[in-house]
*Asks:* 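The structure under discussion is supplied below as structure tokens; questions concerning it will follow.
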Amino acid sequence: MRSLIIYILISLYICPTFCRADTPLSGIEWQAFWIKQKNEVEIPDSLLFGDQSAPIFRKEFRVKPGIREATLHITGLGYYEAYLNHEKIGDLQLDPAWTHYSKRIYYSTFNVTAALQKKEEHCLGVMAGNGWYNPLPMPMWGRINLREHLPVGDPCFIAQLHLEYENGDREIILSDDQWKVSESDVRRNNVYLGEVIDRRLDPGRWASYGYNDSNWQYAVIDLSPKGELLPQPQPPIRITEQIRPAGVFKKRPRQLYSRYGDKLCRKHPHTASGRKRRQYNSHLRGTTLSGWLTQFYDQHCRTDKR
């Protein structure tokens, strides 16, 4: 019985359509291309633990007056964040849901009509993260290297912005090799080890129209095989509550601890300031009442850009 319960839980997580049979899976006709920062070069596993900046992509465009509807369809591997005129699109976190990327990949849809009706000049921006598509070669359960068992590759994304005008005209802004791409201040990112951010490398308002991207490179079309693109059927991950720590105390010199009083799945936003090149390490752990370690998240090397 225990094995059956575990199997069902895994099935619900990996294949969410199992529990959302009423969700229609009719998608759109994709004309866009998967794009990434550069062509992949095989490197030793040891170098994967070094800096690999999360790439940021941008595309400027103009619209005609009289937009009736504007819809963005987008997904990325492993994770992505989309921006329009430097404002984050939607409130989704850790998108898309994890699937077997060689079989199916879920995309999300956003209505951005109101933002495009305000003016004619716009910029789409996307930051791509490693997620489960570019994991580190860490032995899981002491023996399984995920890179040997999962489809892997460099972070990439695909997007189509459908524009419909009041006079009946239609237009599509799509991801292709005319997008510009650069490195970001997120120097490392991993689902287990968190992020390394160097604020001295903050690119500024990179997803804004008129930003100087003359030093940026053009994106590369990713031709590696991918699974079928399907609308994301299950409810997305969102931030539903913000909780302040129940207490903050000092346990060792130069170490502060915060207690939340409950087991959570959480992000750990915080700010720090200080001298240049100083590193700020943040470790986040959670335990059950029995004391077993249930989650580990490590955000470190957040360097103040001053």
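None of the values given here were measured: they were computed from a predicted structure.
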*Asks:* For the pair Arg199 and Asp185, find out whether any cationic side-chain nitrogen is under 4.0 Å from an anionic carboxylate oxygen.
*Replies:* yes
*Asks:* Determine whether Met127 and Ser184 make a side-chain contact, defined as any pair of heavy atoms from C-beta on separated by less than 4.5 Å.
*Replies:* yes
*Asks:* Test of understanding: with side-chain contact (heavy atoms from CB on, under 4.5 Å), list the residues that count as partners of Lys59, not counting sequence neighbours.
*Replies:* Ile173, Gln178, Trp179
*Asks:* Tell me whether Tyr209 shares a hydrophobic cluster with Val181, the cluster being built from Ile, Leu, Val, Met, Phe, Trp, Tyr side chains joined at under 4.5 Å.
*Replies:* no
*Asks:* Are the side chains of Tyr107 and Pro231 in contact, using a 4.5 Å heavy-atom criterion?
*Replies:* yes
*Asks:* Would you say the ring centers of Trp132 and Tyr101 fall short of 6.0 Å from each other?
*Replies:* no
*Asks:* In chain order, what residues pass the side-chain contact (heavy atoms from CB on, under 4.5 Å) check against Asn111, with sequence neighbours excluded?
*Replies:* Glu69, Thr113
*Asks:* Between Asn189 (side chain) and Asn130 (backbone), is there a donor-acceptor pair under 3.5 Å?
*Replies:* yes
*Asks:* Examine the side chains of Asn134 and Arg147 and answer whether a donor and an acceptor come within less than 3.5 Å of each other.
*Replies:* yes
*Asks:* With a 4.5 Å heavy-atom cut-off, do Thr99 and Tyr106 have their side chains touching?
*Replies:* yes
*Asks:* Could you tell me if Ser224 and Lys226 have a donor-acceptor pair between their side chains, going purely by distance under 3.5 Å?
*Replies:* yes
*Asks:* Check for me whether Lys64 meets the cation-pi criterion with Tyr165, that is, NZ or CZ under 6.0 Å from the six-membered ring centre and within 45 degrees of the ring axis.
*Replies:* yes
*Asks:* Does the distance from a Lys or Arg side-chain N to an Asp or Glu carboxylate O, for Asp198 and Arg187, drop under 4.0 Å?
*Replies:* no
*Asks:* Under a 4.5 Å cut-off applied to non-hydrogen side-chain atoms, are Asp213 and Trp206 in contact?
*Replies:* no
*Asks:* side-chain contact (heavy atoms from CB on, under 4.5 Å) with Leu94: which residues, sequence neighbours excluded?
*Replies:* Tyr79, Ile237
*Asks:* Kindly give the heavy-atom pair with the smallest separation between Ser175 and Ala32, and that separation in Å.
*Replies:* OG-CB, 3.4 Å
*Asks:* For the pair Leu229 and Ile158, evaluate side-chain contact (heavy atoms from CB on, under 4.5 Å) and give the outcome as yes or no after the intermediate values.
*Replies:* CA-CA 10 Å; Leu229 286 165; Ile158 187 171; 4.1 Å; yes
*Asks:* Could you tell me whether the side chain of Tyr211 and the main chain of Arg58 form a donor-acceptor pair under 3.5 Å?
*Replies:* no
*Asks:* Has Asn215 got more than 12 heavy atoms of other residues, nucleotides or ligands less than 6.0 Å from its CG?
*Replies:* no
*Asks:* Leu136 and Asn190: which non-hydrogen atoms are nearest, and at how many Å?
*Replies:* CG-ND2, 3.4 Å
*Asks:* Determine whether Leu163 and Ile172 make a side-chain contact, defined as any pair of heavy atoms from C-beta on separated by less than 4.5 Å.
*Replies:* no
*Asks:* Should Glu166 and Arg68 count as an ion pair when the cut-off is N to O under 4.0 Å?
*Replies:* no
*Asks:* Any side-chain heavy atom of Thr75 sitting closer than 4.5 Å to one from Ser108?
*Replies:* no
*Asks:* With hydrophobic residues grouped by side-chain heavy-atom distances under 4.5 Å, do Trp30 and Ile221 end up in a single group?
*Replies:* no
*Asks:* For a 4.5 angstrom cut-off between non-hydrogen side-chain atoms, does Gln160 reach Gln31?
*Replies:* yes
*Asks:* How close do Ser102 and Pro151 get, counting heavy atoms only, and between which atoms?
*Replies:* N-CG, 3.7 Å
*Asks:* Are Ile74 and Leu84 grouped together when hydrophobic residues (ILVMFWY) are joined by side-chain heavy atoms under 4.5 angstrom apart?
*Replies:* yes
*Asks:* Under a single-linkage definition using a 4.5 Å side-chain heavy-atom cutoff for Ile, Leu, Val, Met, Phe, Trp and Tyr, are Val186 and Leu92 assigned to the same hydrophobic cluster?
*Replies:* no
*Asks:* Do Glu164 and His162 meet the criterion of a side-chain donor-acceptor pair at a distance under 3.5 Å?
*Replies:* no
*Asks:* Which heavy atom in Trp34 sits nearest to a heavy atom in Cys156, and how many Å separate them?
*Replies:* CE3-SG, 3.7 Å
*Asks:* How about CZ on Arg62, more than 12 heavy atoms from neighbouring residues, nucleotides or ligands closer than 6.0 Å, or not?
*Replies:* yes
*Asks:* At their closest point, which heavy atom of Ala54 faces which heavy atom of Ala128, and how far apart are they?
*Replies:* CB-O, 3.4 Å
*Asks:* Applying salt bridge (Lys or Arg N to Asp or Glu O under 4.0 Å) to Asp154 and Lys36, what does each step give before you reach the verdict?
*Replies:* CA-CA 7 Å; Asp154 288 343; Lys36 57 185 178 181; 5.3 Å; no
*Asks:* Could you walk me through whether Lys180 and Gln217 pass side-chain contact (heavy atoms from CB on, under 4.5 Å), step by step?
*Replies:* CA-CA 6 Å; Lys180 301 295 284 291; Gln217 307 297 316; over 6 Å; no
*Asks:* Would you call the rings of Phe57 and Phe157 parallel, tilted or perpendicular if under 30° counts as parallel and over 60° as perpendicular?
*Replies:* perpendicular
*Asks:* Please assess Phe110 against His73 for the test side-chain contact (heavy atoms from CB on, under 4.5 Å), listing each intermediate value before the final yes or no.
*Replies:* CA-CA 7 Å; Phe110 303 93; His73 307 282; over 6 Å; no
*Asks:* From the options Arg238, Glu81, Gln232, select the one residue that forms a side-chain contact (heavy atoms from CB on, under 4.5 Å) with Asp95.
*Replies:* Gln232
*Asks:* Heavy-atom distance under 4.5 Å between the side chains of Ile89 and Val112, does that happen here?
*Replies:* yes
*Asks:* Hydrophobic cluster membership, with links at side-chain heavy-atom distances under 4.5 Å among I/L/V/M/F/W/Y: are Ile105 and Leu150 in one?
*Replies:* yes
*Asks:* Does CD belonging to Glu120 count more than 12 external heavy atoms closer than 6.0 Å?
*Replies:* yes
*Asks:* For the pair Gln37 and Val220, evaluate side-chain contact (heavy atoms from CB on, under 4.5 Å) and give the outcome as yes or no after the intermediate values.
*Replies:* CA-CA 6 Å; Gln37 183 176 10; Val220 174; over 6 Å; no
*Asks:* Give a yes or no on this: more than 12 heavy atoms of other residues, nucleotides or ligands lie within 6.0 Å of atom CZ of Phe61.
*Replies:* yes
*Asks:* Can you see which heavy atom on Leu116 is nearest to which on Val63, and at what distance?
*Replies:* O-CG2, 3.9 Å
*Asks:* Under a 4.0 Å threshold between the charged nitrogen and the carboxylate oxygen, would Glu228 count as salt-bridged to Arg104?
*Replies:* no
*Asks:* If you count the non-hydrogen atoms of other residues, nucleotides and ligands that lie under 6.0 Å from NZ in Lys88, is the total more than 12?
*Replies:* yes
